[in-house]
Amino acid sequence: MENNLLNIESKKEYFIQTFGCQMNEEDSEKLCGMLNRQGYVQTENKEDASIIIFNTCCVRENAENKVFGNVGDLKKLKKKNKDLIIAICGCMMQQKGMADKVLEMFPYVDIIFGTHNSYKFPEYLARVKQSGVQVKEILNKEDKIVEGIPIERKSNVKAFVTVMYGCNNFCTYCVVPYVRGRERSRKPEDIENEIKDLVAKGYKEITLLGQNVNSYGKGLEPHITFADLLRRINKIEGLERIRFMTSHPKDLTDELIYAIRDCDKLCEQIHLPVQSGSSRILKEMNRHYDRDQYLKLVRKIKKEIPNVSISTDIIIGFPGETEEDFNDTLSLVKEVEYDSAFTFIYSRRNNTPADKMENQIPEEIKHDRFNRLLEVTNEIIAKKNSTFEGKTVEVLVEGPSKNDPDKLMGRTRDGRLVNFTGKTENIGELVNVKITKAHAFSLIGEEI
Ligand code: 5AD
Ligand code: SF4
C-alpha cells in the first residue's frame, strides 16, 4: 500500500476541469502554470492524478449541478488514494455560503478558494501537504492585480489575455458582479509586455478578455480608453490578429468602432450580447439600452466595418417575459442576422434582483420559446455560412480537426470555424482556404 502511494506521489500528475467562460479558462491556465513550475504534469485521467482541481462557474444552475456531480464522483477515488488532494475554486465558491455547503456535502475536499486569491494556490497546496488540514480561503473583496503568474496555455497559436477583471453593471439576472468583484484594469504596459512575450514565442492571435472591455482604463493614470489600448496593441510587430470580448452595447463608443475599422490586426468580429429584443425586458434587466438603440448601434457597426460578423448572447424566459416580448427578440434576431448566437434559458440565481421578481416563467414555456428561438437563429447562421461557398478565406491554422483527423482546423478573421485539407507544417500559420461546402456551424475547404 505504502509503495503504491509513493508511486502516485512520484508521478506528480494533476487533473483540472474548467467550467464556464474564457475568464475561467485563463484562470485555469494560470493554475496549470503554477503547478508545472513545481514539477507537476497535467493528465487527462483523474485516476492517475495526485491533485484534482475543479474551477467552477455559477452563471447558471446547470453549471453548478455539474460541479456537484463531479465532486460527488470523487468519493471513490479518495477512498482508494487517501493522499489525493481535491481542490475546488472559481466563481461558485465565491457565492455566499457555498464553500461551507460544499464542505458539508463533500467533507473529503481538501482545498477551497475563490476568484480573488487563486494566485495563492501553491501556498494552500503546501499547507495541505504538510499538515493534512483542510484549507478554505475566500476573500470577499477583490485583491490587488497580481502580475507575472506563470501561464501554461492550451494552444501555441492563440492566447487569451485578460485586460480587466470584474464587472460593475449588475444586470438583474447576473451573479458575476458578486463573484468577480468590481472592475479593475491591468496597466497597458503589463498587457503589452505579455503580448510581446507571446509573439516572441510564436503566437499569432490574441483575444483580449474582460466582462466589459469597453470600460477598460477607468481609474488608470494616465487616462486610457479601450480604443487607445487596441491602437497600441495593433502596433506590436509579428502579431497577426486581435480579438476581444465582451462588449456591453451601452459602452460601445464610436471611437472603438473606428479603431476596429482602422487597425489592420483587429478582426472584423464583435460579440455584442443583446440579451433580449424587448425594450421593456431590457429595462427590467438593467441593461441601460433599448431595442432601438441596440439596432442603431448594429447599423452603425455594419456601415463602418464591411463584412463584420456579429455574435450575441440571448436569455429566454426572464421573469415577466410575455409572448410579445419574446416575439420582439425573434424579430430583432431576424433584423440583425447574427453570425453566431449563444442562447440561454433564464436561470434563477440566489440574491440577484431578478430572482426576487414575481412572474417567473414556467419551465415548459421557457423551453418552448428556447426551441423556437434556436430554430430561427440556426436558420440565419446556416444561411450566412452558405454565402461562403466558393469563396477564399484567410485561416489561422490551429491544429488537427477535432472530428476528422485527416483534416486541419482553424478560424477565419471573422471567427468562423473551418475544417480543411492542408499541410500540417502550416500549423500556426495563416493560409488561404477555398471553401467547398458550408455546414450549419462550420465551413469545409481546401488549402490553396
Ligand atoms: N440565466 C441565464 N443566462 C445567464 N447569463 C448570465 N446570467 C444568466 C442567468 N441567470 C448569460 C448572459 C451572459 C452570458 C455569459 O450568460 O447571456 O451574457
Ligand atoms: Fe453579468 Fe451584465 Fe456584468 Fe455581463 S455585464 S457580467 S451580464 S452583470
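Start at 1 and go down the list; that is how both ligands and their atoms are numbered.
Using a 4.0 angstrom heavy-atom cutoff, R287 counts as in contact with ligand 2.
S28 and N55 share a donor-acceptor pair across their side chains, judged by distance under 3.5 Å alone. For T172 and E284, the side-chain atoms include no donor-acceptor pair closer than 3.5 Å.
Within the protein, the number of N, O or S atoms lying under 2.8 Å from atom 3 (Fe) of ligand 2 is 1.
For R411 (side chain) and V418 (main-chain N/O), no donor-acceptor pair under 3.5 Å exists by modelled atom type. Looking only at distances, no side-chain donor or acceptor of K30 sits under 3.5 Å from a matching main-chain atom of P150.
Residues lining ligand 1 at a heavy-atom distance below 4.0 Å are given as V59, R60, Y173, Q275, D313, I315, F344, I345, Y346, S347, R349, ordered by chain and residue number.
Using a 4.5 Å heavy-atom threshold, the side chains of T312 and I314 count as touching.
Judged by a 6.0 Å distance limit and a 45° cone about the ring axis, R60 is positioned over the six-membered ring of F344.
Inside a 4.0 Å radius of atom 3 (Fe) of ligand 2 there is at least one protein heavy atom.
Crowding of K383 atom NZ: a count of heavy atoms from other residues, nucleotides or ligands under 6.0 Å not exceeding 12. More than 12 heavy atoms of other shown residues, nucleotides or ligands fall within 6.0 angstrom of atom NZ in K265.
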